[in-house]
Protein chains: 2
Amino acid sequence: MNESAPLRPLTERPRIEDVAILAGTSAMTVSRALRQPGKVAAETLARIMAAVDALGYVPNLSASSLASRRSGILAVLVPTIGNSIFSETVRGLADAVAAADLHLLIGDFGYSDDKRRKLVRALVGRQPDAVVIVGAVHDEAVRASLRRQAAPVVETWELSPDPIDMIVGFSNFEAGATVARHLLARGRGRCAFVGGLESRAEARLAGFAAALAAAGAPPPETEVPADLSIAAGREAFGRILARAPDIDGVFFATDVMAVGGLLECQRRGIDVPGRVAIAGLGNLEIGRQMQPALTTIEIPAYAMGHRAGELILARLAKEDPSASGRVIDLGFALLTRGTT
Amino acid sequence: MNESAPLRPLTERPRIEDVAILAGTSAMTVSRALRQPGKVAAETLARIMAAVDALGYVPNLSASSLASRRSGILAVLVPTIGNSIFSETVRGLADAVAAADLHLLIGDFGYSDDKRRKLVRALVGRQPDAVVIVGAVHDEAVRASLRRQAAPVVETWELSPDPIDMIVGFSNFEAGATVARHLLARGRGRCAFVGGLESRAEARLAGFAAALAAAGAPPPETEVPADLSIAAGREAFGRILARAPDIDGVFFATDVMAVGGLLECQRRGIDVPGRVAIAGLGNLEIGRQMQPALTTIEIPAYAMGHRAGELILARLAKEDPSASGRVIDLGFALLTRGTT
DNA sequence: TACGGCAATGTTAGCGCTATCATAAACATC
DNA sequence: GATGTTTATGATAGCGCTAACATTGCCGTA
């Protein structure tokens with residue numbers, strides 16, 4: 001048995017220095033071996049890897065970030081991780097940046113501007129190499145603090161002529177207008193809208209109302225749901241029917257709520273689309289599987305995340321800021337199915 | 001105009017030193033002002049806050065972590081962020097730790113053991129103050145590397161007599177057995193199970209099969225779905241019916257798949273629960289809203305996250321490791337509704 | 001033999017914070 | 001007034017890494 005006392009207690013995590021000593025080399029060579037194995041002689045590399053395994057060494061990324069000024073963090077801000085449509089965007093993003101070693105630091109701001117402000121502060125402090133936000137940011141203080149930091153910022157899910165840095169989205173206004181024109185074409189003259197609580201839904205309503213007005217139709221009855229659940233969609237639909245029994249077309253700002261509306265019709269024995277046409281937005285699986293299947297706006301949820309990731313990688317690769325201010329419209333598609 | 005050239009380019013982010021100079025104090029006092037405002041004189045505090053605002057100073061948390069040996073990061077590993085039931089657990093966790101300033105670093109391992117291994121390495125490198133994992137970890141290498149680090153680790157969604165550190169869950173085995181006994185009590189003698197792909201579903205199947213066997217019923221027909229979607233549930237159900245047309249009770253490992261089964265019955269005109277009884281697990285909103293409403297096992301998704309957060313805070317507060325090895329069973333409940 | 005070039009490795013000096021201890025000033029106690 | 005006690009602040013020394021610049025030895029070429 002080796003009786004020499006260890007210099008540092010074994011309970012502490014090994015540092016790069018410990019690996020270097022065990023491998024009979026220097027800290028710098030270990031650092032290189034782990035990040036650019038090609039720059040280290042094969043024999044040295046093997047000794048270092050053996051030492052890493054023996055000690056269970058895991059580099060301290062805080063120290064690494066501090067020294068290299070690269071955190072390896074991609075900060076992602078979403079309104080809520082509970083919504084599977086946003087997680088599609090996150091998945092697209094993760095897939096796009098999978099090769100680069102960036103880790104997603106996901107923050108959930110619960111649709112609250114105040115929480116988002118705090119989240120931005122906290123995330124910026126971690127020196128992210130890039131920031132992706134679901135939704136355009138309108139709060140000037142937040143915009144300023146995101147602009148001030150060097151990392152690329154991509155907003156998504158909306159279009160804005162004046163993005164913080166880059167924006168990848170679709171026109172919520174046009175989506176609303178498209179649904180209105182579709183309902184009008186189906187002979188629906190008395191339309192309603194269910195949605196609110198966030199700027200994207202408001203843009204959809206604006207487009208919806210504008211297209212109705214352009215066609216000379218009366219303005220939509222509107223209901224703001226309590227939340228974005230099926231039950232909230234049901235209840236909002238019930239309130240609309242109570243207020244305006246002659247409604248013959250309803251656009252729900254999300255498929256989940258639209259499914260609520262559809263289920264409520266089925267419960268009440270209201271014929272869809274005979275008496276009331278229903279449309280949603282998101283092309284979620286549940287809408288596709290309903291009977292009749294839900295007419296909806298398919299949005300590029302995955303693609304927006306993926307494209308955001310590509311933009312980020314391009315910017316991080318070359319020091320080329322020419323992409324700044326870029327606005328990318330990925331469009332959307334109306335999927336006409338059984339409910340209209 | 002002040003003509004003196006700045007010592008550092010203005011484009012660089014301000015450091016704590018810059019704030020200190022502007023406020024006419026020292027870096028240490030600024031650091032204290034931001035973390036323990038009570039320990040700084042009111043007047044000094046005001047000057048410092050003014051300087052922070054003026055410069056838009058945001059502390060570099062990498063440096064902070066390195067110096068303080070506290071990262072403020074709570075690492076969360078989930079099989080997929082796309083599943084809203086796991087996001088309930090994350091929400092419970094977030095709520096529980098909201099006051100402590102811990103940030104959730106969420107990693108998604110896509111149900112892949114290999115990805116999880118990599119994710120653990122990456123997350124451990126960020127020196128998390130705590131780790132929460134959805135699912136028990138069986139991979140010995142991963143268990144070892146999580147054990148080696150000092151931070152508390154909480155596994156969730158399963159029970160295991162030998163947790164890495166702590167575990168908060170429910171018995172998937174018992175959940176399966178409970179559903180089996182319920183179906184038997186409803187006179188269903190020919191049962192099937194749809195699920196797989198992960199250890200929790202396998203435990204449910206084991207319990208389901210054991211309870212059937214104990215009652216002398218034939219072993220369940222089982223189908224492993226392609227994924228965990230509604231469509232996969234539909235298809236698996238179709239295959240079961242083709243193989244065993246006399247099936248009169250089906251337990252789906254998740255509500256989403258169960259909804260698929262229910263919709264498939266409706267499409268085929270199969271009476272539920274007259275001819276086939278259906279049960280799911282998760283108590284998701286869609287199951288509650290279906291007509292007839294889905295019988296399901298309600299699991300403590302939110303509570304598991306919340307309890308995990310509480311355990312972590314307790315451990316971080318006092319240096320009391322007595323909670324180690326703790327196994328907490330939060331149970332589950334059978335919600336009998338229209339489909340059985 | 002001398003020289004430049006290259007590959008492999010090492011040395012030094014921070015990155016921007018905070019733990020720790022020292023100091024100074026203000027106050028209370030006898 | 002001498003002494004302890006508290007409160008506010010500051011000086012110093014790292015935390016564990018990596019950028020940038022040596023240094024070393026080896027090769028080919030003049």
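Basis for what follows: all heavy atoms, side chains included, without hydrogens, waters or symmetry-related copies. Numbered from 1 within each chain, the chains take letters A, B, ... in sequence-line order.
At the heavy-atom level, A:Ser62 lies nowhere under 4.0 Å from the strands shown. Across all strands, A:Thr25 comes closer than 4.0 Å only to sugar-phosphate atoms, never to a base (heavy-atom distances). Residue-level contact check: A:Arg35 touches the backbone only, with heavy atoms under 4.0 Å from sugar-phosphate atoms and none from bases. When heavy atoms are screened at a 4.0 angstrom cut-off, B:Thr44 is found touching the sugar-phosphate backbone but no base atom.
Spacing between atom CE of B:Met28 and atom P of C:dA22 amounts to 15 Å, rounded to whole angstrom units. In this structure, the CZ atom of A:Arg70 is 16 Å from the P atom of C:dG16, given to the nearest Å. Rounding to whole angstrom units, CZ of residue A:Arg15 and C1' of D:dC15 are separated by 10 Å. When the C1' atom of C:dT9 is taken as reference, atom CG of A:Leu45 falls 14 Å away, rounded to whole Å. The nearest whole Å value for the distance from the CG atom in B:Asn60 to the P atom in D:dC15 is 18 Å. Atom P of nucleotide D:dT9 and atom CG of B:Leu34 are separated by 14 Å, given to the nearest angstrom. Atom NZ in A:Lys39 sits about 13 Å away from atom C1' in D:dA19, given to the nearest Å. One atom, CG of A:Asp18, and another, P of D:dC15, lie 12 Å apart when rounded to the nearest Å.
For the pair B:Ile133/B:Thr156, no side-chain contact is recorded, criterion being any heavy-atom separation below 4.5 Å from C-beta on. In this structure, the side chains of B:Pro79 and B:Val134 come closer than 4.5 Å at one or more pairs of heavy atoms.
When distances run from any side-chain atom of B:Thr29 to the nucleotides C:dG16, D:dC17, D:dG10, the shortest one goes to D:dG10.
Between D:dT9 and B:Ser26, no contact under 4.0 Å exists linking OP1 or OP2 to a side-chain N or O. In terms of phosphate contacts, A:Ser31 brings a side-chain nitrogen or oxygen within less than 4.0 Å of OP1 or OP2 of D:dT18. The side chain of A:Tyr57 places no N or O atom within less than 4.0 Å of a non-bridging phosphate oxygen (OP1 or OP2) of D:dG16.
Both B:Arg47 and B:Arg69 lie near DNA chain D, and the one whose nearest nucleotide falls closer to the 5' end is B:Arg47. Of the residues near DNA chain D, B:Gly38 and B:Ser68, the one whose nearest nucleotide (by heavy atom distance) lies more toward the 5' end is B:Gly38.
Salt bridge status for B:Asp139 with B:Arg117: present, with a side-chain N to carboxylate O gap under 4.0 Å. Looking at B:Arg147 and B:Asp165, no side-chain N of the basic residue comes within less than 4.0 Å of a carboxylate O on the acidic one, giving no salt bridge. Using a cut-off of 4.0 Å between Lys/Arg side-chain N and Asp/Glu carboxylate O, A:Asp162 and A:Arg143 are scored as salt-bridged. A salt bridge links B:Arg200 and B:Glu198; the closest N-O separation between the charged side-chain nitrogens and carboxylate oxygens is under 4.0 Å. With respect to the salt-bridge test (charged N to carboxylate O, under 4.0 angstrom), the residues A:Asp129 and A:Arg70 qualify.
Residues from residues 123-131 of chain B lying near DNA chain C, meaning a heavy-atom separation below 4.0 Å, are absent.
By the neighbour-count criterion of 12 heavy atoms within 6.0 Å, atom CD of A:Glu43 is sparsely surrounded, having that number or fewer from other residues, nucleotides or ligands.
Between the base of C:dG10 and the side chain of A:Arg32 there is a donor-acceptor pair shorter than 3.5 Å.
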